[in-house]
Protein chains: 2
Amino acid sequence: MSDPDLRQIRAFNRLVTQRIGVLQASYLGQGRPFGEARVLFEVGRDGADVRDLRQRLELDSGYLSRLLRALERQELVVVEKSAADGRARLARLTDRGQAEVDAYDVQSNRLAQSLIDPLDERQRRRLVEAMGEVERLLRASAVAVEVVSPGSADARWCLDRYFAELAQRFDSGYDPAQAAPAPEDQFAPPKGWFVVARLEGRPVACGALKRVDAETGEIKRLWTDPTSRGLGLGRKVLTTLEALGCEAGLRRVRLDSNAALTEAIGLYAKAGYEEVERFNDDPYAQMWFGKALG
Amino acid sequence: MSDPDLRQIRAFNRLVTQRIGVLQASYLGQGRPFGEARVLFEVGRDGADVRDLRQRLELDSGYLSRLLRALERQELVVVEKSAADGRARLARLTDRGQAEVDAYDVQSNRLAQSLIDPLDERQRRRLVEAMGEVERLLRASAVAVEVVSPGSADARWCLDRYFAELAQRFDSGYDPAQAAPAPEDQFAPPKGWFVVARLEGRPVACGALKRVDAETGEIKRLWTDPTSRGLGLGRKVLTTLEALGCEAGLRRVRLDSNAALTEAIGLYAKAGYEEVERFNDDPYAQMWFGKALG
DNA sequence: GACATTAGCTGACTTTAGTCAGCTATTTTT
DNA sequence: AAAAATAGCTGACTAAAGTCAGCTAATGTC
């Protein structure tokens with residue numbers, strides 16, 4: 001990475017944390033200690049397990065307990081026994097607490113407004129767009145790709161979305177049973193791999209690779225959540241799968257696709273895949289690709 | 001401002017302060033209390049007046065004093081009497097202090113690197129560009145335009161830069177005495193106004209308006225610092241001057257320009273100025289513009 | 001030269017943030 | 001039913017952050 005880029009990033013970090021940090025402190029604090037405020041907002045409208053709070057805020061058990069007592073004294077929060085587990089407790093906001101969170105919301109909008117108020121319409125547009133870009137890319141940079149069991153909750157979640165999307169995008173609809181009579185555990189090691197890309201813990205993309213013969217693998221189930229497209233997640237998943245295959249001794253991978261999946265086809269082309277002869281009779285497959293590994 | 005925009009800005013604020021804040025804490029702290037670190041970095045390579053530090057960091061005088069003592073005990077900083085003012089004191093880094101600031105620099109680069117490491121080349125480019133855009137626009141939104149005395153230090157600073165730039169850009173060079181035999185105090189109220197736009201206290205643009213007759217004003221000395229162009233500062237200064245004139249009962253303003261000043265001419269056109277007949281014999285003027293106010 | 005102001009310092013104090021050991025009540029495991 | 005684990009609490013403590021009043025020395029103002 002070149003030096004001017006690093007300088008730009010540092011300038012950005014400095015300015016943004018300063019400007020927004022200072023404004024946030026002045027607008028949002030509301031006179032409340034930061035620790036208390038954090039707990040208050042984390043309890044949120046729906047309430048929360050004390051245990052969850054501890055984990056999400058990474059607080060010491062004793063410390064959190066004291067913070068909750070302080071919020072209780074101020075009648076912003078009530079903590080009550082959990083019905084399910086007599087040891088656990090449940091925090092939720094009182095009306096006053098709710099009102100304070102609402103006020104925070106208003107302040108937060110005011111802060112956002114104050115950043116753009118001095119700008120003219122064109123500049124606002126540019127700022128909001130650039131902020132969106134930064135946000136998306138910073139999020140993307142926090143994506144972790146991981147091999148999971150194809151039966152895991154995250155894998156199931158991705159697959160459900162994937163099949164639902166195919167059903168919607170194919171003119172003919174989509175019936176997974178027809179295309180893949182084999183169960184999903186065909187993607188469990190050592191015969192295959194199922195990887196999930198997670199963004200802040202939430203699965204946002206997936207892909208699978210199964211061994212066809214000693215030297216050939218086949219990529220399936222490549223999917224990216226629509227809200228996270230354009231971040232290179234598909235590419236990342238694909239690269240991960242190829243690396244896994246390569247490590248396991250595969251020399252080439254192949255995959256099929258449907259003409260309706262234009263983004264995927266573009267991805268394959270950019271990743272070095274070339275069209276090959278039909279290698280299966282999947283009724284939904286219209287194109288077949290292959291690539292040498294390593 | 002529309003709601004989705006505010007939502008975008010808030011999402012940006014939340015993510016960026018979190019992500020960068022957390023990284024900054026983990027990378028940079030260096031085990032040093034945040035307060036001490038802040039002072040250390042603010043003293044910086046060139047040293048600083050204790051008074052300035054107090055102002056820039058908004059610290060209590062006693063508190064800062066103690067922080068400096070702590071840094072002195074660690075032999076990171078020395079504080080000595082100011083030569084100019086026996087009451088004031090001057091802080092500067094020792095070699096060890098300098099080394100620590102250098103180490104911070106390395107860490108800071110590592111932090112920047114860690115943000116872009118997971119991205120591919122194209123995404124990095126987009127991220128750095130978007131960060132630049134956000135930074136410039138946030139800076140622009142912090143600009144304050146103010147009427148100042150034409151003899152003030154900030155006004156003088158702008159004018160020096162302005163004349164230097166004209167001298168450089170005009171083929172024929174530039175001699176202010178030839179163009180404006182009248183002194184700069186022609187722009188002092190009530191006959192005129194001199195405004196300066198400041199960015200974090202530093203003047204970055206200026207402009208002046210003088211009364212020609214009961215209903216006519218003339219705009220002069222419109223200048224923007226080259227490093228701050230493209231932020232709409234010229235527009236902002238121009239609008240401020242027009243508003244001042246309007247408030248003072250002027251019905252129209254006029255101005256002249258030189259063909260070499262293409263950005264200025266573009267600005268005039270966009271701000272609704274139209275070319276008029278030559279109204280003066282300034283040797284450097286090649287174009288004349290006018291606009292009705294109110 | 002008297003008086004006010006400025007710059008910085010020290011002592012005494014409070015609040016916030018955080019840690020750790022040990023306790024009780026409840027649930028899970030064996 | 002006993003033992004182990006879990007969830008949360010309290011007491012005792014520390015470090016960092018910040019505030020305030022009052023002091024001294026130097027400088028500026030009339």
Side-chain angles (χ1 to χ4, degrees), chain A residues 17-18 21-22 24-26 28-43 47-74 76-92 100 104, chain B residues 17-18 21-22 24-26 28-43 47-74 76-92 100 104:
Chain A
T17 50
Q18 256 182 36
V22 167
Q24 227 154 28
S26 73
L28 303 178
Q30 301 270 63
R32 185 167 304 294
F34 186 63
E36 283 182 15
R38 268 178 90 206
V39 173
L40 197 61
F41 302 138
E42 198 67 33
V43 170
D49 283 12
V50 171
R51 188 178 14 177
D52 283 3
L53 290 177
R54 205 162 48 224
Q55 225 178 26
R56 281 185 288 184
L57 300 173
E58 293 186 78
L59 289 175
D60 173 85
S61 147
Y63 185 29
L64 175 58
S65 185
R66 248 178 282 271
L67 287 172
L68 284 171
R69 276 320 74 67
L71 291 170
E72 272 191 324
R73 268 198 305 282
Q74 296 167 71
L76 298 167
V77 156
V78 284
V79 180
E80 50 208 11
K81 263 206 164 123
S82 158
D85 183 339
R87 296 165 301 181
R89 305 193 70 195
L90 223 128
R92 60 182 180 72
E100 187 150 335
Y104 160 84
Chain B
T17 50
Q18 256 182 36
V22 167
Q24 228 155 28
S26 71
L28 304 177
Q30 300 270 61
R32 185 167 303 297
F34 186 63
E36 284 183 14
R38 270 178 88 204
V39 173
L40 197 62
F41 303 138
E42 198 66 34
V43 170
D49 284 12
V50 170
R51 190 179 12 178
D52 284 3
L53 290 177
R54 207 163 43 226
Q55 227 177 26
R56 281 185 287 183
L57 299 173
E58 294 187 79
L59 289 175
D60 173 85
S61 149
Y63 185 30
L64 174 58
S65 187
R66 246 178 283 271
L67 287 172
L68 285 171
R69 275 322 72 69
L71 291 169
E72 272 191 322
R73 268 198 306 280
Q74 296 166 72
L76 297 167
V77 156
V78 285
V79 180
E80 50 208 9
K81 261 202 167 130
S82 158
D85 182 337
R87 296 165 299 181
R89 307 194 68 197
L90 222 126
R92 59 181 181 73
E100 186 148 337
Y104 161 84

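All chains are named by letter (A, B, ...) in the order of the sequence lines, taking the proteins before the strands, and each is independently numbered beginning at 1. Keep in mind it's a predicted model, so treat the numbers as computed, not measured.
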Item to check | 5'-most by nearest nucleotide on DNA chain C - A:Ser61 or B:Val79 | outcome: B:Val79
Next on the checklist: Output the rounded distance in Å from CG (A:Leu64) to P (C:dG18).
Outcome noted: 12 Å
Checklist entry - Any sub-3.5 Å donor-acceptor pair from A:Arg32's side-chain atoms to A:Ala37's backbone N or O? => result no
Item to check | From A:Glu80 atom CD to A:Arg89 atom CZ, the distance as rounded to the nearest 0.5 Å | outcome: 9.0 Å
Checklist entry - Atom CZ of B:Arg38 and atom P of D:dA17: how far apart are they, to the nearest Å? => result 10 Å
Item to check | Shortest side-chain distance from A:Ala88, nucleotide among D:dG8, D:dA17, D:dC9 | outcome: D:dG8
Item to check | Between C:dA7 (C1') and B:Asp49 (CG): distance, integer Å | outcome: 11 Å
Item to check | side chain to side chain contact (heavy atoms under 4.5 Å, CB included) evaluation trace for A:Leu53 with A:Leu59 | outcome: CA-CA 8 Å; A:Leu53 290 177; A:Leu59 289 175; over 6 Å; no
Checklist outcome for this item: side-chain hydrogen bond (donor to acceptor under 3.5 Å, both in side chains) filter on A:Gln55, not counting sequence neighbours, yields none
Checklist outcome for this item: CG of B:Leu40 to CG of B:Leu68, rounded to nearest 0.5 Å, is 10.0 Å
Checklist entry - Just how far, in rounded Å, is P of C:dG18 from CG of A:Leu57? => result 11 Å
Next on the checklist: I'd like to know whether A:Val50 forms a side chain to side chain contact (heavy atoms under 4.5 Å, CB included) with A:Leu90, so could you lay out the CA-CA distance, the side-chain angles of the two residues, the decisive distance to 0.1 Å, and finally the verdict.
Outcome noted: CA-CA 6 Å; A:Val50 171; A:Leu90 223 128; over 6 Å; no
Checklist entry - How long is the line joining CZ of A:Arg69 and P of C:dT16, in whole Å? => result 18 Å
Checklist entry - Between D:dT6 and A:Arg51, is there an OP1 or OP2 to side-chain N/O distance shorter than 4.0 Å? => result no
Next on the checklist: Treating primed atoms plus P, OP1 and OP2 as sugar-phosphate and everything else as base, which nucleotides of nucleotides 19-30 of chain D get B, S or - for protein heavy atoms under 4.0 Å?
Outcome noted: BB-----BS---
N/O to N/O distances under 3.5 Å, protein versus nucleotides 13-15 of chain D:
none

Checklist entry - Within this structure, what is the CZ-to-P distance between A:Arg89 and C:dT26, rounded to whole angstrom? => result 12 Å
Item to check | Residues forming a salt bridge (Lys or Arg N to Asp or Glu O under 4.0 Å) with B:Asp52, sequence neighbours excluded | outcome: none
Checklist entry - Please, which pairs that meet salt bridge (Lys or Arg N to Asp or Glu O under 4.0 Å) have at least one residue in residues 53-65 of chain B, sequence neighbours excluded? => result B:Glu42-B:Arg56
Next on the checklist: Whole angstroms only, please: what is the CZ-P distance between A:Arg32 and C:dT15?
Outcome noted: 15 Å
Item to check | Any residue meeting salt bridge (Lys or Arg N to Asp or Glu O under 4.0 Å) with A:Arg69, in chain and number order, not counting sequence neighbours | outcome: A:Glu72
Next on the checklist: Between P on C:dG8 and CD on B:Gln55, what's the gap in Å once rounded to a whole number?
Outcome noted: 11 Å
